There are 2 protein chains.
Amino acid sequence: MSDKEIKNKIKVFAPATVANVSCGFDILGFALSNPGDEVTLQRIPDGKGNVNISGISGDGGRLPKEVDENTAGVAVKLYLKNTGISDSVEISIAKQMPLGSGMGSSAASAVAAVAACEALFDAGMPLIDQLKIAMEGERKACGTAHADNVAPALYGGFTLIRSYQPLDVVRLPVPEKLYCVLINPDVEVRTQSAREILKQKVSLQDAVIQTGNVAGLISALYSEDYELLSRSLQDVLVEPIRKILIPVYDKMKYTALENGALGYGISGSGPSMFALCEGRESAEKIVKPLNEVLDNVGISGKIYVSQVNQDGPVVKE
Amino acid sequence: MSDKEIKNKIKVFAPATVANVSCGFDILGFALSNPGDEVTLQRIPDGKGNVNISGISGDGGRLPKEVDENTAGVAVKLYLKNTGISDSVEISIAKQMPLGSGMGSSAASAVAAVAACEALFDAGMPLIDQLKIAMEGERKACGTAHADNVAPALYGGFTLIRSYQPLDVVRLPVPEKLYCVLINPDVEVRTQSAREILKQKVSLQDAVIQTGNVAGLISALYSEDYELLSRSLQDVLVEPIRKILIPVYDKMKYTALENGALGYGISGSGPSMFALCEGRESAEKIVKPLNEVLDNVGISGKIYVSQVNQDGPVVKE
């Protein structure tokens with residue numbers, strides 16, 4: 001028996017995430033401190049094991065309320081199944097970031113859901129098993145059970161997906177002064193398009209350059225070497241192709257780097273973009289010039305400044 | 001003026017090295033504690049700046065004694081030129097490992113030469129500049145100024161060559177219990193052949209797998225996580241092709257792993273192979289079974305057991 005107070009209702013926040021991180025295509029991601037989604041679960045101890053979505057806000061009516069079609073619904077249902085818990089659960093989802101934006105929106109909801117289950121039922125489920133459940137939520141939303149958003153959203157900080165077969169996730173350290181500027185322009189890039197345009201063959205030489213940069217980036221995270229981190233944030237495999245789907249990408253990147261960002265890249269499969277900076281001041285300094293670039297071409301958008309999250313999901317109440 | 005005692009003769013040891021290290025093709029290398037080459041320099045303060053090779057032992061008469069053709073000769077000459085030193089130098093080289101074996105033989109001589117220069121003349125040359133000189137020695141021996149042997153031989157431990165343009169070398173930490181078993185079979189593989197058979201195009205999927213493993217390996221070195229290190233020592237780009245040039249490669253690898261090695265791969269471009277092990281005992285345990293595999297197919301060879309070197313070159317006397 002747990003000594004913890006048994007609650008019947010709980011609200012959990014899970015953060016937006018940046019997947020890929022330049023040279024870390026398909027293997028790296030990190031979590032932001034904000035924005036993120038909130039999922040509230042209400043436990044009904046009726047022994048029926050029903051799951052129901054009572055409300056979704058902030059999605060403009062775009063997300064399915066059917067449990068089996070909803071990333072959070074799938075996660076809660078699987079959690080109950082895997083733990084053998086027979087209570088019913090009512091889910092309420094507060095989306096606090098745009099959908100399909102390359103900010104890990106579906107991952108945040110899936111992770112908030114599974115973390116809320118764990119906070120509510122206290123089954124002592126290992127993180128790797130929680131991750132597998134969140135990945136199934138991600139599969140419902142994206143078609144594939146990829147982990148590069150759910151892993152950082154759940155573990156916090158930087159995560160490495162070393163391998164999928166078997167699943168091998170490594171939590172990486174985060175230098176304390178690492179801040180992220182996340183730029184979400186009001187343009188649409190379909191994940192499928194972003195994947196389809198990738199070349200299926202790359203040169204061995206480029207693969208070697210990419211491994212060198214990934215190795216440099218991992219070393220920089222451990223050694224808190226911001227200069228090495230900056231030199232390593234280069235992607236020769238994917239960015240040169242995907243950036244053509246994002247308006248004024250080169251100009252945005254140039255502007256961020258000129259104003260002191262350590263690196264700049266596409267967040268997930270875009271259209272969101274991220275800059276990493278040393279310190280809050282340095283991060284805030286690039287917001288205005290980036291907004292001006294967007295303004296000049298008449299693209300609206302939202303820019304978030306956030307410390308790289310160290311904690312993963314947070315129980316709010 | 002330096003307070004150090006000025007010597008006129010000095011002997012320096014520089015270690016054998018393993019380049020590539022499975023997933024770290026063309027970017028990673030590490031140094032052994034033994035074997036290695038010794039280079040002795042005799043300073044002659046005649047103001048003439050002549051460089052002469054007085055003797056080479058242990059090479060079976062295969063190495064050139066012409067200064068401009070010899071990796072150590074080239075390094076010493078360049079050191080004198082770059083520092084403006086006008087003394088003459090006499091070089092004596094004691095090779096203590098096989099040539100053209102994938103053990104970084106030419107790199108050891110070049111590094112021993114430049115480190116001996118620095119010990120003798122005390123010009124305060126930064127390591128990165130010493131490295132560039134040793135790379136020119138390597139260019140003479142191998143045709144290209146690659147750094148994946150000279151960097152670990154000079155810096156010690158594991159080194160990452162993040163980039164060549166510009167040259168960016170990162171010294172990585174080495175877990176204390178990391179031992180290497182180096183197997184040098186008596187077969188010949190020409191470096192040129194080993195490079196020519198590589199595919200110039202690789203699949204994006206394999207490039208992603210390789211980056212995941214490299215990231216895992218770097219993380220493991222920092223966190224001293226031997227299990228992660230073991231899982232990460234996989235090479236999907238180069239080993240599947242190059243191993244066909246090395247007799248009984250699969251059998252040797254299987255035997256090493258079955259007997260507890262953390263990982264097994266081709267050293268440089270072969271034919272030497274390496275195993276990494278946790279602790280000396282674990283390393284020594286695989287020597288006999290590996291020898292038996294070689295014996296069974298009638299291949300002679302030499303097997304070295306060594307802690308991963310933490311120090312780089314050592315002044316002997």
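So you know, we letter chains A, B, ... as the sequences are listed, proteins then strands, and number each from 1. What you see is a predicted model; the values in this text were computed from it and never measured.
- Contact of A:Ile27 with chain B is made through the side chain alone, with heavy-atom distances under 4.5 Å.
- Considering only heavy-atom pairs separated by less than 4.5 Å from chain A, the leading option among B:Leu228, B:Leu28, B:Leu172, B:Leu217 is B:Leu228.
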Exercise. Go through the steps to decide whether A:Glu138 and A:Ser106 satisfy the test side chain to side chain donor-acceptor pair (under 3.5 Å), and finish with yes or no.
Key: CA-CA 6 Å; A:Glu138 194 72 325; A:Ser106 55; 2.8 Å; yes
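- Looking at A:Val170, only its side chain comes within 4.5 Å of chain B, counting heavy atoms on both sides.
- Counting all heavy atoms, side chain and backbone alike, A:Gln130 lies closest to A:Ala115 at OE1-CA, 4.3 Å.
- Using a 4.0 Å cut-off between charged side-chain N and carboxylate O, B:Asp26 and B:Arg195 make a salt bridge.
- The candidate from A:Ser232, A:Ser223, A:Pro173 with the greatest count of non-hydrogen atom pairs under 4.5 Å with chain B is A:Ser232.
- Contacts between A:Asp206 and chain B at a heavy-atom distance below 4.5 Å are absent for every atom of the residue.
- Here the shortest heavy-atom pairing between B:Ala134 and B:Val114 reads CB-CG1, 4.2 Å.
- Closest approach of B:Asp148 to B:Tyr164, counting heavy atoms only: N-OH, 3.8 Å.
- With chain A as the partner, the residue from B:Cys23, B:Ala215, B:Ala207, B:Ala220 showing the most heavy-atom pairs under 4.5 Å is B:Ala215.
- Residue B:Ser163 does not touch chain A at all, counting heavy-atom pairs closer than 4.5 Å.
- Within the 4.5 angstrom heavy-atom criterion, only side-chain atoms of A:Leu198, from C-beta onward, approach chain B.
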Exercise. Please lay out, stage by stage, how A:Val181 and A:Tyr264 fare under the test side-chain contact (heavy atoms from CB on, under 4.5 Å).
Key: CA-CA 9 Å; A:Val181 178; A:Tyr264 193 89; over 6 Å; no
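- For the pairing with A:Gln210, the side chain to side chain contact (heavy atoms under 4.5 Å, CB included) check across A:Val238, A:Asp235, A:Val202 returns one residue only, A:Asp235.
- Both the backbone and the side chain of A:Ser219 come within contact range of chain B, judged by heavy atoms closer than 4.5 Å.
- The choice from A:Asn213, A:Val208, A:Leu160, A:Leu204 that makes the most heavy-atom pairs within less than 4.5 Å of chain B is A:Leu204.
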